[in-house]
**Student:** 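Sharing a structure with you now.
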2 protein chains.
Amino acid sequence: MIHYAKKLACFSLLFSLFTSFANAQTNRTPNIIIILADDLGYGDLGSYGHPTIRTPNLDKMALEGTRFTQFYVAANVCTPSRAALLTGRLPVRSGIFGKRGVFFTNSANGLPHNEITIAEALKTKGYQTALVGKWHLGSQPEYLPLQHGFDYYFGLPYSNDMGKVGSVPNMTNQNPPLPLYRNNEVIETEPDQRLLTKRYTTEVVGFIKKNKAKPFFLYYASPFPHVPLYASSDFSGKSKRGLYGDVVEELDWSVGQIFATLREQKLDKNTLVIFLSDNGPWQMKALAPGTGGSAGLLYEAKGSTYEGGMRVPAIAWGSGLVQPNTVSSAIVTSMDLYPTILHLANAELPTDRTLDGADIQELLSGKKASVTDVVYFYDSDRLHAIRKGPWKAHFITHPSYSAEAPVPHDPPLLYNLEADPSEKFEVGNEHPEVIDDLKKAYEKHKAGIKPVPPLLDAIIPVK
Amino acid sequence: MIHYAKKLACFSLLFSLFTSFANAQTNRTPNIIIILADDLGYGDLGSYGHPTIRTPNLDKMALEGTRFTQFYVAANVCTPSRAALLTGRLPVRSGIFGKRGVFFTNSANGLPHNEITIAEALKTKGYQTALVGKWHLGSQPEYLPLQHGFDYYFGLPYSNDMGKVGSVPNMTNQNPPLPLYRNNEVIETEPDQRLLTKRYTTEVVGFIKKNKAKPFFLYYASPFPHVPLYASSDFSGKSKRGLYGDVVEELDWSVGQIFATLREQKLDKNTLVIFLSDNGPWQMKALAPGTGGSAGLLYEAKGSTYEGGMRVPAIAWGSGLVQPNTVSSAIVTSMDLYPTILHLANAELPTDRTLDGADIQELLSGKKASVTDVVYFYDSDRLHAIRKGPWKAHFITHPSYSAEAPVPHDPPLLYNLEADPSEKFEVGNEHPEVIDDLKKAYEKHKAGIKPVPPLLDAIIPVK
């Protein structure tokens, strides 16, 4: 057997050398595209069951790839979720937490420079890297994307409601005018947000075409459907769902342009594309009821550690990399993308720090049905809940965007998420052994977290 | 132009004569199959966004056909919904309403004989007709399916919780033992319900094979996922969703067997298949929390005139008859199937009565994007709500399965269902003209209903 295995390995090596000479295009490490929607709810795409929002391009991506039904982000709001996605680490480890929840225009800090983003890791392997869209990991010059591994940046440094226009178009802020960056320069302020999806699409398509000869990492972080909502005249008023639907349908169009470009540029055989949302829908109950998205059958929304806040629509696509025509209910987190992408790029995983994701390459390709089964639900640095297999235990609950104090639960509230995805039926009394097990897991995880200071709260001194 | 049109018509006639000789199979009127699930919720299929129930056969049916996202049944419980489906008329016209809500084992009445079922109408055109499964339109001998146009019947005459076993397996009833009929004979009592889906599938497949030479109408009314839930050993314990998921997955398998049979028998080019549910999910809050289905993002469930009670998953499939690869948000009701199917079968529509459905043949085939835009939401004979276009006005609301009195609303509660499918945001104050319009439509419709006595409440005299 050993002899045979050696021969096989030798043959494989020769074969791979041969094919890499023969076809540099398909045997080089794959291009990576992450498309991140902002505040898109679990129930807001056609393939996730929305009745009136039409998303044919994302539905096609799902059909040609794998659509995940139990995919989680690492936080229930924007900044920490994005930090975790790019670093593969829980925000509680990097300090991306605090009373303010996210970075604001006057925040002093940014993602620490000792964190290694996917972009930085892929730079070591010769990737061209770009961020088009929302950053939200620090807007002071030293924290902008080019200082975190991106070769190119075009977009807004934070949320689209952090300029002069607030969360609804007739609400104004005292903030500086919304800056649109190209690399480290502000090229415009208060850009016409109706044109952002079109402009970002042009940037994304341009980057792909320009960099087709090298492997690239493209992080396309749409500002939408975060409020205030804006669609171009091609989409405005076209969706039955109203402006929210218009905006999602324009984002879907933008995704379609990416796939058209990949096919046109013959990059569709060697590119991994991941689409996901950064957290649940922002329901805007107080300011603008009805403008927010839908978490579908999930309970609660953005800002919550119930499922609606942290389980997101997520689709993976990639010829030879992702199993086509698949719906997967495997438990996955956004932090799994870090080791997976580094593996695909042959980049080294950092060994001097805790990574919170698992390599899901074999899950994507269909070789394995699941890789991990544990999810941590943090609200800032407070661990609210744990999921392990079908079971989720809430140790602390808190209505999203509420002034009420968080409510501790001892014993924790227990739900079987596979049978009861809507978290309707508390079943702790029937499963004391599960409660015990999750309590231990909760304490063990908390004990393993080294305290670091919160980075979200410091503000720049007023001069 | 006229000359050309005449020539074209003449050529068409000749061509159609030629092809009807050449290929009787594909030019005869199509076979019709209606598959009716029992208490399946809007959110319970993979293609409607359920995270852990796997329904590959129904999802494939949806991909090869048209999946409807705004399809309504005519009532929020079983008996009146089925009466409307088979007669194309609101239950308030046929008397299929009353305090008891549905027919029970001791009900004296059944569907009146002056109603013309789809089966009766299609018999006039030489169709072979069968019901496999649940009838629930009268269990006295004179009301059984063979007395309503079906050539063959195999199944239970009412719900599967109306025998010795109640809505949950450990609950017993004082009813007579559950009768399993073949035609007009009881061939078994209290059949092993774990085997029902398999046995019904055998019957359905057998009927299709036996009748492939003639056009047929097959009405397959599954007893599930109505409670009590039972799955065969092939499916029991297999779904992540628990027994409810097992049962839905076995029903999905059964649907797969139908398609396999149609393909094997070369009937897949001339058969219209419709899949739908009879009403929303029965959530069993009091008796067995967690066993009921999910209405997805819709509010409320079986028994309610909110969307979750009456909007159902519905898929149409048929080569040349139904546009493939389509998601339609057209407003459709189950009563539209009556004129549509009669049209396809070249059967005459009755002209001596009001029909409440519209012919949707051109909607199914993709020639039209919508046909009707009005839906009436009845609870028994009380008109609770009207939908017209995107707008739904609730004149009366009532929590489902509640002892509380129905609550009248003047002005009615107004929701925009296209923008707000979850009926979360009441917008009456912003649209007084819509309120006026819907009030008029409400009164006009009510005035057009000729009162008939309720048929659900009479019980057979105890001997």
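The model shown is predicted, which means the values in this text are computed figures rather than measured ones.
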**Student:** Mind listing the closest non-hydrogen atom pair of B/T52 and A/S329 along with its distance?
**Tutor:** CG2-CB, 4.4 Å

**Student:** Using non-hydrogen atoms and a limit below 4.5 Å, what part of residues 297-304 of chain A faces chain B?
**Tutor:** A/L297

**Student:** B/Y42 versus chain A, heavy atoms under 4.5 Å apart: side chain, backbone, both or neither?
**Tutor:** side chain

**Student:** Using the side chain to side chain contact (heavy atoms under 4.5 Å, CB included) criterion, which residues pair with A/S402? Sequence neighbours excluded.
**Tutor:** A/H398, A/P399, A/E404

**Student:** Quick check: do B/H50 and A/V327 have side-chain heavy atoms less than 4.5 Å from each other?
**Tutor:** no

**Student:** So what's closer than 4.5 Å to chain B heavy atoms on A/L63: side chain, backbone, both or neither?
**Tutor:** side chain

**Student:** Shortest non-hydrogen contact from B/K240 to A/A330?
**Tutor:** NZ-N, 4.3 Å

**Student:** Nearest heavy-atom pair of B/G46 and A/R67: which atoms, and what distance?
**Tutor:** O-NH2, 3.3 Å

**Student:** What heavy-atom pair brings B/S328 and A/R54 nearest, and what distance separates the two atoms?
**Tutor:** C-NH1, 4.4 Å

**Student:** For the OH atom of A/Y244 and the CG atom of B/D420, what is their distance to the nearest 0.5 Å?
**Tutor:** 13.0 Å

**Student:** Sort B/I53 into side chain, backbone, both or neither according to what part of it lies under 4.5 angstrom from a heavy atom of chain A.
**Tutor:** neither

**Student:** Can you give me every donor-acceptor pair (side chain of residues 412-419 of chain A, partner residue at least two apart or in another chain, under 3.5 Å) with its distance?
**Tutor:**
residue, atom, partner, partner atom, Å
A/N416, OD1, A/E418, N, 3.1
A/N416, OD1, A/A419, N, 3.1

**Student:** Checking A/T372 now: which residues fulfil side chain to side chain contact (heavy atoms under 4.5 Å, CB included) with it, not counting sequence neighbours?
**Tutor:** A/D336, A/A358

**Student:** Side chain from CB out, backbone as N, CA, C, O: work out which of these in A/P421 comes under 4.5 Å of a heavy atom of chain B, or both, or neither.
**Tutor:** side chain

